[in-house]
**Q** 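Take this structure first; my questions come after.
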Amino acid sequence: MAGPVPWHLLPENSSVGSKGQLMIAGCDTLELAAEFGTPVFAYDEEHLRARCREAVAAFGSHATYATKAFLCGAMAKLAHEEGMSLDVATGGELHLALAAGVPADRLVMHGNNKSVAELAMALEAGVGRIVVDAFEELDRIEQLVAGGTTNPNEAPQKVLLRVTPGVEAHTHEFISTGQDDSKFGFTVSTGVAAAAVERAKASESVELVGIHAHIGSQVFRAESFAEAVSVLGAFAQPFGLPELVIGGGLGVAYVEGEEAPTISQWSKIVLDGAAAAGITASIGVEPGRSIAAAAAVTLYTVGVRKDLAGIRTYVAVDGGMSDNPRPVLYGSGYESCLARAVEAPRPLPARVVGKHCESGDLLVRDGHLPDDLALDDILATPVTGAYGHSMGSNYNKVLRPPVVFCRDGDARLVVRRETYDDLLLTDLGF
Ligand code: LLP
């Protein structure tokens, strides 16, 4: 018999309301569901801020929030207010961060295969750094500069080179990136990365300020980061560059029994590793998931319960792979609980599924819920603050959910729910 949902998976400022319901930062989740409808992403704003501050305390302005994990205007402003720089990986992320008022010099332009248009946008905006992923990107920057596209301060654009250090992170194949067989960066072991350094140093269009690597995502083993630091340090040291960035990737606990290092523990291992390796460059990081994931729960309404005799119980909710594709993409596990009874034991084995037209559309494969689960109950899935909203889709023309920031008993709508008319906006067929 499964116990209550593990408390540590809930946002930091969660509490139990007078009727046993889940409260987030003083907001009653049942009231959130009633006011904003379901599905809805409910964030604990102070949790987000605390994680940003934790990263900044260790790495200063070299703590860069990876916006791909979760991005909207309010989040971009929040990360900036708390002192983080922002990593944007496409023209779209760049556009949003600039529209939110984040100063361009606090932005780091990422991405593999950046287009001429994206690089031009970055140069013209005056982004602080561009992380170059391939020789073609250096060619494009040089061509743009030769054609008169420069950053507003007209100094050569500061760049880092992304390298693959040959460190295998223990994570899912699709989100592991530091090994040699990778589409990302310049390979260290073959000498290509060293050649890229020479090429960038010789270029008059850019100023090479550092080396960058990202070994993977959802990495629990802090030692992997220490290995990456020492391998990178050994590579970068002879070039005497002032910056070394080791990317993001710190894992978070999603289900019962999982445990991940905190940002502070991670930063200590990284910084101690750098000091032990004699690295004098400043160390930068780009956490995404560890900032945003555990800050949110998604609230759904239960619409169907099917008890298939001798097989299993299916619980269908009003969202699914369009608001959380991670279970389908990576086989990721989640927990679930009833918002009205957050401390209730969960003896009922149940598969929580969505409303999309395919069998693979599941949110919690092997979940547990209270026995008295009924129609119209509000179900909460914790740790959905990263790579849910940002990887969401309109599959089956399902509307993207709203995002609510909860703080001190106030719920602030920061992204409204899509409307059916929003679905027609880009369609010229009418
Ligand atoms: N920096 C770079 C260059 C990255 O590519 C990434 C993530 C990060 C930082 C942030 O990593 P984080 O701290 O969030 O692990 N959609 C997948 C994760 C893909 C991560 C891609 N790059 C998932 O839902 O697990």
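Order of appearance sets the numbers: ligands from 1, and atoms from 1 within every ligand. Just so you know, residue 1 is the first one in the sequence shown, and it goes up from there. A quick note: this is a predicted structure, and the numbers were derived from the prediction, not measured.
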**Q** Under 3.5 Å, is there a donor-acceptor pair between the Gln218 and Tyr387 side chains?
**A**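 Short answer, no.
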
**Q** Hey, is the main chain of Cys406 close enough, under 3.5 Å, to the side chain of Arg412 for a donor-acceptor pair?
**A**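 The answer is no, because no donor-acceptor pair under 3.5 Å joins these two groups.
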
**Q** Is Glu136 salt-bridged to Lys114, cutoff N-O under 4.0 Å?
**A**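 Judged by the 4.0 Å cut-off on N to carboxylate O distance, Glu136 and Lys114 do not form a salt bridge.
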
**Q** Using side-chain heavy atoms (C-beta onward) and a distance below 4.5 Å, is Arg129 in contact with Met109?
**A**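 When only atoms from C-beta onward are counted, Met109 and Arg129 do not touch, as no gap falls below 4.5 Å.
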
**Q** Tell me whether Arg49 is salt-bridged to Glu81, with the criterion being a basic N under 4.0 Å from an acidic carboxylate O.
**A**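 Yes, Arg49 and Glu81 are salt-bridged.
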
**Q** Heavy-atom contacts with Pro287 under 4.0 Å: which atoms of ligand 1 show up? List them by number with element.
**A**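 Going through ligand 1 atom by atom, the ones under 4.0 Å from Pro287 are 13 (O).
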
**Q** May I ask you to list the atoms of ligand 1 that are less than 4.0 angstrom from any heavy atom of His110?
**A**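 Here the atoms of ligand 1 in question are 3 (C).
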
**Q** Heavy atom to atom 25 (O) of ligand 1, shortest distance: which of Arg289, Lys68, Gln218 holds it?
**A**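 That would be Arg289.
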
**Q** Hey, looking at atom 6 (C) of ligand 1, which of His212, His214, Met391, Arg162 has the closest heavy atom?
**A**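 Residue with the shortest heavy-atom distance to the ligand atom: His214.
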
**Q** Using a 4.0 Å cutoff against the non-hydrogen atoms of Gly288, which atoms of ligand 1 qualify?
**A**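 The list of qualifying atoms is 12 (P), 13 (O), 14 (O).
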
**Q** Decide if atom NZ of Lys201 counts as having more than 12 heavy atoms of other residues, nucleotides or ligands within a radius under 6.0 Å.
**A**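 More than 12 within 6.0 Å, yes.
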
**Q** If we set the cut-off at 4.0 Å for heavy atoms, which region of Arg326 has an atom near ligand 1: side chain, backbone, both, or neither?
**A**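 Arg326 to ligand 1: side-chain contact only, backbone stays beyond 4.0 Å.
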
**Q** Would you mind listing which atoms of ligand 1 come within a distance below 4.0 Å of any non-hydrogen atom of Asp87?
**A**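 Taking each heavy atom of Asp87 in turn, ligand 1 has 1 (N), 9 (C) under 4.0 Å.
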
**Q** With atoms numbered from 1 as shown, which atoms in ligand 1 lie under 4.0 angstrom from a non-hydrogen atom of Glu286?
**A**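 Once the distances to Glu286 are compared, the set is 1 (N), 2 (C), 3 (C), 8 (C), 9 (C), 10 (C), 13 (O).
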
**Q** Using heavy-atom distances only, which candidate in Ser290, Gly249, Ala66 approaches atom 11 (O) of ligand 1 most closely?
**A**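 It is Gly249 that holds the nearest heavy atom.
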
**Q** A quick test of your reading: do over 12 heavy atoms of other residues, nucleotides or ligands sit less than 6.0 Å from CZ of Arg365?
**A**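 No, the 6.0 Å shell around CZ holds no more than 12 heavy atoms from other groups.
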
